Amino acid sequence: MTDASLVVTDLQVEFSGFVAVGGVSFDAHPGEVRFLIGPNGAGKTTCIDAVTGLTRGTGSARLGDTELLGRPVHKIVRLGVGRTFQTASVFDELTVLQNLDIAAGRHRPWVSLLRARRGVDPSIEHALEETGLTGELATPAGILSHGQKQWLEIAMLLVQDAKVLLLDEPVAGMSQDERTATGERLQRIAAKRIVLVVEHDMDFMRRFATRVTVLHQGQVLSQGTVAEVQADPKVQEVYLGTAGAATTAAMAVVLEPSAATQTLKEQ
Amino acid sequence: MTKKPWISLSGIGVFAVLLLAVAPLVLSDHWLNNLGKYCCWAIAAVGIGLAWGRGGMLVMGQGVFFALGAYSMAMHLTLETAGDRVPGFMVLYDPLAPLPMFWEPFRSTGFTLLAIVLLPVVVAGALGYALFKRRVKGAYFAILTQALAVALATLISSTIRETGGDTGLSDFKYFFGFVLNDPANRLMVYLIAATLLIVCLLAVWQFYRSRFGELLVATRDAEERVRFLGYDPANVKLVAFVVSALMASIGGAMFVPIVGIITPAEIGAAASILMIAGVALGGRASLFGPALGAMAVGWGQSSLGSTWPDGWTYILGLLFVVVILFLPNGLSSLPARLMRRQRPGPVEPPAPAIAPAELEEVKS
């Protein structure tokens with residue numbers, strides 16, 4: 001598909017004086033499942049917001065040779081950057097097919113909008129197979145299960161032919177089986193596209209991450225493979241020490257070296 | 001949305017037969033003329049259904065676009081009636097008053113027709129572009145459009161020498177060369193209005209089943225998401241807004257020869273809200289709801305409103321409250337609701353619906 005990489009350099013986002021992201025750099029390449037983790041308020045989602053044009057950021061975010069920052073949202077999308085949201089946002093009143101058809105629409109000429117849809121695009125059929133939604137073609141998106149909605153969102157990114165998939169907590173609220181299925185699907189998708197996942201779920205991260213960037217208070221704390229990041233004393237300190245009780249509990253799993261390495265070995 | 005498009009299409013067909021063939025045979029001249037008036041409101045209502053029902057834009061100032069069409073038409077008919085002289089009301093205060101500059105082009109039939117179509121497109125286009133690109137929406141959008149209707153009505157009221165002020169423009173004798181007093185010509189004017197209503201319904205029917213219709217609903221429900229699919233929602237809304245403005249203008253233009261008078265009261269805040277009321281009663285997101293709702297409100301106004309003017313406002317208000325409370329999707333959602341009650345199961349969403357249905361059976 002593309003060899004272009006997403007390279008974010010010295011990204012800064014400020015909300016009326018409060019620095020949410022203060023000089024973050026990371027990159028993501030096709031072929032890897034890239035993770036962005038960190039405690040609440042670390043600036044993970046804000047990074048994605050800035051890259052997709054939802055909030056204003058300074059610094060640089062390049063896809064190949066193209067600078068993304070400073071463009072309006074829909075123009076960035078047309079360059080091939082797609083994203084999902086923490087709360088699955090699909091068009092509830094429309095069917096799965098209609099949802100996907102709209103997502104596929106940006107490659108069509110304007111005039112085609114005035115005609116009714118005939119048949120199903122091959123790209124849509126492919127995305128349905130990829131996400132296991134083939135049976136739900138005529139189902140209104142509003143009555144899909146939570147996990148199916150999130151897959152529908154990913155399917156929408158596939159039919160819109162996004163080169164970069166920025167996924168904001170894609171497995172939140174999913175069962176263990178759904179998580180595994182999602183992770184495997186993401187690995188397949190990542191073969192040809194750039195996949196960047198923002199996650200809280202450390203177990204999911206350990207199982208499917210190729211490389212990880214840990215954010216803390218708007219800064220990059222650590223970067224590397226799962227093993228490298230887990231071994232980093234700074235990461236351990238942040239998750240044990242100053243961070244709130246909730247995140248400590250969440251990260252407790254990370255700090256069980258035996259359990260962690262075991263999971264790694266299993267893979 | 002419209003799973004069975006042919007049912008809707010045959011519905012429009014039945015409606016067309018009723019309006020174009022049955023009504024002229026059955027109704028007296030007086031009521032046929034009234035029906036023509038309702039058709040004009042219905043044309044505007046169909047546009048409101050598109051912008052508000054499907055597009056989520058609460059257009060509270062459609063009177064503005066209704067006025068653009070109505071006054072364009074009224075100015076032309078006034079000039080046609082006056083012939084070479086300056087219209088009567090202008091020389092009332094100053095016998096030597098010249099014809100204002102902006103009246104002059106409306107002598108031309110072609111210019112008038114073009115103005116009826118292009119003025120609302122240009123005004124709504126510029127207004128919509130400015131508002132939607134700045135992401136003005138919701139209550140702010142509604143208040144802004146409403147304020148425009150008030151402003152335009154006030155402007156017309158205060159420019160009595162140029163526009164006729166509160167008295168409005170009236171006493172038209174000719175309609176593009178046809179004598180308006182002639183019953184045959186009045187029938188023709190009615191048929192034009194009814195045909196335009198059918199055309200607008202067909203246009204909206206195609207809009208709803210097209211990809212644009214789906215995109216419009218998507219924009220209404222999750223504008224931000226649409227942006228992240230690579231569309232500019234402002235453009236999507238702009239198209240719906242401009243089309244609805246065009247329909248309001250066409251409705252206004254036909255209103256003038258049918259009713260024979262246009263005043264600021266017909267286009268101001270109250271009139272604009274009455275247009276919305278009809279749409280809400282009928283069912284804003286449905287195909288026929290807006291048109292039928294507007295016609296019903298029009299009929300109520302001319303029958304009840306004339307025999308019992310004090311009570312009519314209360315009845316309308318009460319009806320509005322009841323419908324909004326119990327049928328948020330308007331009266332057009334009533335048949336579907338009743339059907340669902342009669343045979344539960346298939347219409348309801350799957351599995352969980354079975355339990356309550358069984359419960360009801362047990363109870364009865």
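Computed over heavy atoms, backbone and side chain alike; hydrogens, waters and symmetry mates excluded. From a predicted model like this one, the values you see are computed outputs, not experimental measurements. Per chain, numbering begins at 1; letters A, B, ... match sequence-line order.
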message: Looking at B/Lys133, I'd like to know if its NZ atom is crowded, meaning that more than 12 non-hydrogen atoms belonging to other residues, nucleotides or ligands lie closer than 6.0 Å.
response: yes
If one checks every heavy atom of B/Asp221 against chain A at 4.5 Å, the contacting part turns out to be side chain
In terms of heavy-atom pairs under 4.5 Å with chain A, the winner among B/Phe207, B/Tyr231, B/Phe212 is B/Tyr231
**Message:** Between B/Leu229 and A/Phe91, is there a side-chain heavy-atom distance shorter than 4.5 Å?
**Reply:** yes
Open item on the list: So B/Val217 and A/Leu94, do their side chains get closer than 4.5 Å, heavy atoms only?
Closed with: yes
B/Arg227 and A/Val77 have their tightest heavy-atom pair at O-CG2, 3.7 Å
Just wondering, are more than 12 heavy atoms of other shown residues or ligands nearer than 6.0 Å to NE2 in A/His126? no
**Q.** Other residues, nucleotides, ligands: >12 heavy atoms within 6.0 Å of A/Arg56 CZ
**A.** no
Tightest non-hydrogen contact, residues B/Arg225 and A/Phe85, listed as CD-CE1, 4.0 Å
From the list A/Gln98, A/Arg115, A/Arg117, side-chain contact (heavy atoms from CB on, under 4.5 Å) with B/Arg211 holds only for A/Arg117
Shortest non-hydrogen pair, B/Gly230 vs A/Arg78, comes out as O-NE, 2.7 Å
*asked:* Within the structure provided, determine whether A/Asp101 and B/Glu214 are in side-chain contact (heavy-atom separation under 4.5 Å).
replied: yes
Worksheet entry | side chain to side chain contact (heavy atoms under 4.5 Å, CB included) evaluation trace for A/Ile102 with B/Val226 | CA-CA 8 Å; A/Ile102 288 173; B/Val226 168; 5.5 Å; no
Minimal heavy-atom distance between B/Phe228 and A/Arg83, with the atoms involved, is CE2-CD, 3.3 Å
Is it the case that atom OH in B/Tyr129 sees more than 12 heavy atoms from other parts of the structure closer than 6.0 Å? no
When the 4.5 angstrom heavy-atom criterion is applied to A/Thr52 and chain B, the contacting part is both
